[in-house]
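In what follows, every chain begins at residue 1, and chains take the letters A, B, ... in the order their sequences are listed. These values consider heavy atoms only, across backbone and side chains, with no hydrogens, waters or symmetry-generated copies.
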There are 2 protein chains.
Amino acid sequence: MSTMNDVALRAGVSLKTVSRVVNGEPSVSEQTRQKVNAAIAELDFRPNSVARNLRTGRIDVVGLVLPQLSQPYFSSLAEAIMREAERHGLTVLIELTDGDAEAEMALVREHGPHLGGLLMYPVGLSDAEARTVAGIVPTVFMSERAYDAPVDRVAMANREGVRALVGHMVSLGYTRIAALGADHSDLPERSAAHLRLDGYRDGLRDAGLPCLPELVIDVHPQWSRQLGAAGVRRLIERGTSFDAVVAFADALALGALHAVQEAGLRIPAEVAVAGFDDTDEAGYSYPSLTSVAPGTAQIAREALALLNDRMNDAAAQPAERLVVADFELMVRESTLGGTAAWGGA
Amino acid sequence: MSTMNDVALRAGVSLKTVSRVVNGEPSVSEQTRQKVNAAIAELDFRPNSVARNLRTGRIDVVGLVLPQLSQPYFSSLAEAIMREAERHGLTVLIELTDGDAEAEMALVREHGPHLGGLLMYPVGLSDAEARTVAGIVPTVFMSERAYDAPVDRVAMANREGVRALVGHMVSLGYTRIAALGADHSDLPERSAAHLRLDGYRDGLRDAGLPCLPELVIDVHPQWSRQLGAAGVRRLIERGTSFDAVVAFADALALGALHAVQEAGLRIPAEVAVAGFDDTDEAGYSYPSLTSVAPGTAQIAREALALLNDRMNDAAAQPAERLVVADFELMVRESTLGGTAAWGGA
DNA sequence: TAATTCTTTGACAACGATGAATCTCGGTGC
DNA sequence: GCACCGAGATTCATCGTTGTCAAAGAATTA
């Protein structure tokens, strides 16, 4: 590897002048600039970002803290964020917590101080911990839940999305619409589960339909395919009549698809099913799954915009900004029937 | 952030002594060591890895170059690699190429020189380029294809895996077994598509069955669900009789599931289907999908072991090591029927 | 013409750590 | 009693950049 010094020697100028050219600073004559650029090209010089970071203190690496990567929603979120970060000249360092609240804090404490910024999908963070995190490094949360802390946050339209989904079901003539994915355990007030359940109630109210307790299916502790299938099986076994399932996550919905078909019911003729997240699989399941696309690209864009602001001057920004991404209803076979919709998102 | 200097001042020793304690070097008296450790704890000091990297030249960041992240195989591979890297004290920096051959080289040229090592899933790399990459940074390829270059490589048992899959079909009584995912375009000699097709032929030969050209379905340019479904539809439209589909990737198999069911055929009673990769979805599709698990955890383990070796002393290692991971056949409903297998991997 | 400004460039220190070389000092051997 | 040794600690230079300050020369002004 050649260094700035090599370039300087080759171009016959001082090291500092090379630095100026590399950083596009003004007050370098056109002639000198060309000489230096030629030398840079000849030596295939690339600035050593480690040395630069050390000197400037500004670090162009941002951490991305996620529970896991193997779940489609997270991997596509990560992908969107990486693409967006590139546009900002930032490098993304992914860290996995396995959804473990302690690991979250441990990671932040360990790596936070040496990161330029942090994008975090918090799972078990308390308000106090959120404040601590924000004190260590410029942070943006990607979270359903609000924190009592001076942190920016990007959220998806949980409530509105499910509300629209219910509206869609109603418009197609379904009236006994089950909600799959409620959670009445000790979840925090404004968790995704609660917000989505609120959206479900909103949708029913919009349509003048009653909210029947027997159609609200609890799923605990996680929104997985197995538990989704299990929830629907319970519903069927109890003999509760229903003609639609609004699942609070695609994983649940895929489980529901399975359980419904297993019971010999046709989708969507006898039962319509819809999910939330619009993961890749939604477009390719059998039948393909109607789902709410939570605007992942927009989430990535906004999160990086917020973070970049804050990295550039931490103090000046208003303390606690919130961006809610737009959602889009992706209608597919599981509510509409036909096969035309299959194979695409 | 406190620095070593702060710690030194606090402990009343020299900066270098702190360095010794932090790095666990000998020739520090027990008494001094305790004083220093106390100071470290009091100040919550953490060594600045940027400065350390600059000074030592040894970088504990390894790049992981992948085509994408949103595809389940890659995200679970990435996850496995990150966990494994942690055990080696290494940090993983993921870079995405979108499967673009030029982007691969551009990324390596750009970041390679400042990385400690590189794990790469190459897509469009030529032998010459592979040599170039290896010259820039210690590299391990995770690749089906062999390269004429002094690089270590970790591969999966492409050929053996498909062979076992065909054997499984045969043992269940299927005889007209289609191969889904051949590619007779200008792919390199030892690509995954070719190796898996070889495995298919092996399996038929093992069973004394003929390899019928009309049962070999080309899929090009990529192994996606749509193209998988399209391939099976072609087969059905041509009126070719078949009773099993061995797909060279889960994505293809999921498309096949769809196309087969769409045609009103029952799985596995009339047609059995199996895939390759054992992605999460395989366990949860309808019906659940028999698949070859390529030993991702082992791949991650071996890749990091090889890379670590090479990072520690580049020259000493034998030039071109190859590790082939063990595979495992995950039998599920799509070949075996029943529902017992559903829901788990 | 001399004084002043502006433009372009360079010398030097510093970021926070580590490697090499050096120093100190109590303990040995003769 | 003197040279020698080695463990334990220190000093100094250095990794590859960038920020600060100053210098040299060209251009402008009085």
Undergrad: Give the nucleotide from the list dT14(D), dG16(D), dT20(D) with an atom nearest to the side chain of Arg20(A).
TA: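 In terms of side-chain proximity for Arg20(A), the closest of dT14(D), dG16(D), dT20(D) is dT20(D).
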
Undergrad: Touch check for Ser27(A), heavy atoms < 4.0 angstrom, all strands: base, sugar-phosphate only, or nothing?
TA: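 Ser27(A): base contact, heavy atoms under 4.0 Å.
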
Undergrad: Below the 4.0 Å mark, does dT10(D) have OP1 or OP2 next to a side-chain nitrogen or oxygen of Ser14(B)?
TA: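 Yes, within the criterion.
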
Undergrad: Considering only heavy atoms of chain A and a distance under 4.0 Å, specify the first and last nucleotide of DNA chain C in 5' to 3' order that meet this criterion.
TA: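 Using the under 4.0 Å cut-off, the span is dT8(C) to dG16(C).
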
Undergrad: Report the relative orientation of the aromatic rings in Tyr73(B) and Tyr121(B); use parallel for angles under 30°, tilted for 30 to 60°, perpendicular for over 60°.
TA: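 Taking Tyr121(B) first and then Tyr73(B), their aromatic rings stand perpendicular (interplane angle over 60°).
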
Undergrad: If only side-chain N and O atoms of Arg55(B) are considered, is one of them under 4.0 Å from the OP1 or OP2 phosphate oxygen of dT14(D)?
TA: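 False: Arg55(B) side-chain N/O out of range (4.0 Å or more) of dT14(D) OP1/OP2.
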
Undergrad: Bend angle of the helix from dT1(C)-dA30(D) to dC30(C)-dG1(D) from five-pair axes at both ends, rounded to 10°?
TA: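 Taking the rotation axis at each end, their angle is 60°.
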
Undergrad: Applying a 4.0 Å non-hydrogen cut-off, can you work out what Asn23(A) is touching in the nucleic acid: base, sugar-phosphate, or nothing?
TA: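 The residue Asn23(A) makes sugar-phosphate contact but no base contact.
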
Undergrad: At under 4.0 Å between heavy atoms, what does Ser49(A) touch on the DNA or RNA strands: base, sugar-phosphate, or nothing?
TA: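 No contact.
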
Undergrad: Reckon Val28(A) touches a base, only the sugar-phosphate, or nothing at all at heavy-atom distances under 4.0 Å?
TA: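 Sugar-phosphate: the residue Val28(A), judged by heavy atoms under 4.0 Å, touches backbone atoms but no base.
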
Undergrad: Both Glu30(B) and His114(B) contact DNA chain D. Which one's nearest nucleotide lies toward the 5' end?
TA: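 On the 5' side of the pair lies Glu30(B).
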
Undergrad: Under 4.0 Å, counting only non-hydrogen atoms across every strand here, what does Asn5(A) touch: a base, just sugar-phosphate, or nothing?
TA: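 Since no nucleic acid heavy atom lies under 4.0 Å of Asn5(A), the category is nothing.
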
Undergrad: Tell me: CZ of Arg58(A) to P of dT17(D), nearest whole Å?
TA: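 From Arg58(A) CZ to dT17(D) P: 18 Å.
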
Undergrad: Roughly how many Å is it from NZ in Lys16(A) to C1' in dG16(D), rounded to a whole number?
TA: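 One finds 13 Å between C1' of dG16(D) and NZ of Lys16(A), rounded.
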
Undergrad: Pick the nucleotide of DNA chain D nearest each of Asn48(A) and Ser29(B); which residue has the one closer to the 5' end?
TA: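 Here Ser29(B) is the residue nearer the 5' end.
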
Undergrad: I'd like to know if the side chain of Gln31(B) pairs up with that of Ser29(B) as donor and acceptor (distance under 3.5 Å, no hydrogens or angles considered).
TA: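 No, because no side-chain N or O of Gln31(B) sits under 3.5 Å from a partner of the opposite role on Ser29(B).
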
Undergrad: Please work out if Arg46(A) contacts a base, only the sugar-phosphate, or nothing of the nucleic acid, heavy-atom cut-off 4.0 Å.
TA: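 If one applies the 4.0 Å heavy-atom cut-off, Arg46(A) turns out to touch the sugar-phosphate alone, with no base involved.
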
Undergrad: Is Val13(B) touching bases, backbone alone, or none of the nucleic acid, heavy atoms closer than 4.0 Å?
TA: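 Val13(B): backbone/sugar contact only, no base atoms under 4.0 Å.
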
Undergrad: Check whether any side-chain N or O of Thr17(B) sits under 4.0 Å from OP1 or OP2 of dT10(D), and answer yes or no.
TA: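 Yes, within the criterion.
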
